Amino acid sequence: MIEHTEPEPSRPLRSWIRASPGTHIWLLIIAVTSVVVVIAPDRVEHVLLHRNSSNIHELVKHPIRALISSAFWIENPASLALYAVLFELFHATVERWLGTLRWLVIVATAHVVATLASQKFLLMAIQDNRAPHSMTHVVDIGVSYGLAASVGVLTYRLPGPWRWLYLAGAVAFFGLPLLTGGTFTDLGHAISLAVGLLAWPLTLHPDPHPAAAAP
């Protein structure tokens, strides 16, 4: 049996998806959970979003579940199309470049570190009476921390002056909110971008044979 070692030029969409399986499985799960949010009664939707949040309350009671489940829901299903575009631009590109394992290590690390750090910051604000105690139950779900990490690591994919222009744009996009009274979420985005930038060693030997190899 002949084994293919290159993407199938006659099926570019199939090759793209097969070369970035993690991105598309993740996107599919988010699509399913978004449909659940849309069809669920308001009371059930409220429970689902809070149960799957990585807020202070859930992190204290169910830390592992909160960290994992919060990565598979978005608060506003109407933004699913936008996230799909962003997944293709950033996650799929990085996954094809570095391979699924290294891409997953980067985005998972960013999601966990940014979540824990931003919620710690929020807890300190609550303890200092700079934020209401009700914020311990805030809805904190979504995929933006992982996206910010992919944005960061993609810096090393670009050549020459484009790299610096791209980096300046990314730093401005995620950093400016912190200078104008940003929220704990803005802090999480900035941390995730930093995780992506610090993942430079993982970009030194990119995957020469992406997952699109086999038919």
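Count residues from 1 along the sequence. Keep in mind that this is a model prediction, so the values were computed, not measured.
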> Who passes side chain to side chain donor-acceptor pair (under 3.5 Å) against Asp186, sequence neighbours left out?
Replying inline: Thr183
>> Which residues pass the side chain to side chain donor-acceptor pair (under 3.5 Å) test with His91, not counting sequence neighbours?
In response: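 Testing His91 for side chain to side chain donor-acceptor pair (under 3.5 Å), a comparison that skips the adjacent residues, returns Trp103, Ser150.
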If you group Ile, Leu, Val, Met, Phe, Trp and Tyr by side-chain heavy-atom gaps below 4.5 Å, do [X] and [Y] land in one group?
{"X": "Val195", "Y": "Phe173", "answer": "no"}
{"X": "Leu123", "Y": "Val60", "answer": "yes"}
{"X": "Phe90", "Y": "Leu80", "answer": "yes"}
{"X": "Leu86", "Y": "Phe72", "answer": "yes"}
{"X": "Leu193", "Y": "Leu89", "answer": "yes"}

> If you look at every heavy atom in Thr115 and Ser54, which pair is closest and at what distance?
Replying inline: CG2-OG, 3.3 Å
> Which heavy atom of Pro177 sits nearest a heavy atom of Ala172, and at what distance?
Replying inline: CD-O, 4.2 Å
Drop me the distance from [X]'s [atom1] to [Y]'s [atom2], to the nearest 0.5 angstrom.
{"X": "Leu59", "Y": "Ser53", "atom1": "CG", "atom2": "OG", "value": "9.5 Å"}
{"X": "Trp200", "Y": "Thr155", "atom1": "CH2", "atom2": "OG1", "value": "13.5 Å"}
{"X": "Phe121", "Y": "Ile126", "atom1": "CZ", "atom2": "CD1", "value": "11.0 Å"}
{"X": "Ser69", "Y": "Glu58", "atom1": "OG", "atom2": "CD", "value": "7.5 Å"}
{"X": "Ile74", "Y": "Thr33", "atom1": "CD1", "atom2": "OG1", "value": "7.0 Å"}
{"X": "Tyr156", "Y": "Leu98", "atom1": "OH", "atom2": "CG", "value": "11.5 Å"}

> Any chance CG of Leu28 has more than 12 other-residue heavy atoms, nucleotides or ligands included, within less than 6.0 Å?
Replying inline: yes
Is [Y] close to [X] at the side-chain level, that is, under 4.5 Å between some pair of heavy atoms?
{"X": "Trp97", "Y": "Thr203", "answer": "yes"}
{"X": "Ile56", "Y": "Leu122", "answer": "yes"}
{"X": "Leu167", "Y": "Leu197", "answer": "yes"}
{"X": "Asp140", "Y": "Phe184", "answer": "yes"}
{"X": "Tyr145", "Y": "Ile191", "answer": "no"}
{"X": "Tyr83", "Y": "Leu147", "answer": "yes"}
{"X": "Leu154", "Y": "Tyr166", "answer": "yes"}
{"X": "Pro77", "Y": "Val35", "answer": "no"}

I'd like a table of donor-acceptor pairs (distance under 3.5 Å, sequence neighbours excluded) in which one partner is a side-chain atom from residues 127-138, with atom names and distances.
residue: Asp128; atom: OD2; partner: Arg130; partner atom: NH2; Å: 3.4
residue: Thr136; atom: OG1; partner: His133; partner atom: O; Å: 2.9

Between [X] and [Y], a side-chain donor and acceptor under 3.5 Å:
{"X": "His24", "Y": "Glu88", "answer": "yes"}
{"X": "Asn55", "Y": "Gln119", "answer": "no"}
{"X": "His111", "Y": "Ser70", "answer": "yes"}

>> I'd like to know if Glu95 and Arg102 make a salt bridge, using a cut-off of under 4.0 Å between side-chain N and carboxylate O.
In response: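 Arg102 and Glu95: not salt-bridged.
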>> My understanding is that only one of Val143, Leu48, Ile29 makes a side chain to side chain contact (heavy atoms under 4.5 Å, CB included) with Trp73; could you say which?
In response: Leu48
> Step by step, would you call Leu67 with Leu116 a side-chain contact (heavy atoms from CB on, under 4.5 Å)?
Replying inline: CA-CA 9 Å; Leu67 286 169; Leu116 295 178; 4.3 Å; yes
>> Let's go through Val107 and Val94 carefully: what are the C-alpha distance in whole Å and the side-chain angles of both, what is the deciding distance for side-chain contact (heavy atoms from CB on, under 4.5 Å) to 0.1 Å, and is it a yes or a no?
In response: CA-CA 10 Å; Val107 297; Val94 173; over 6 Å; no
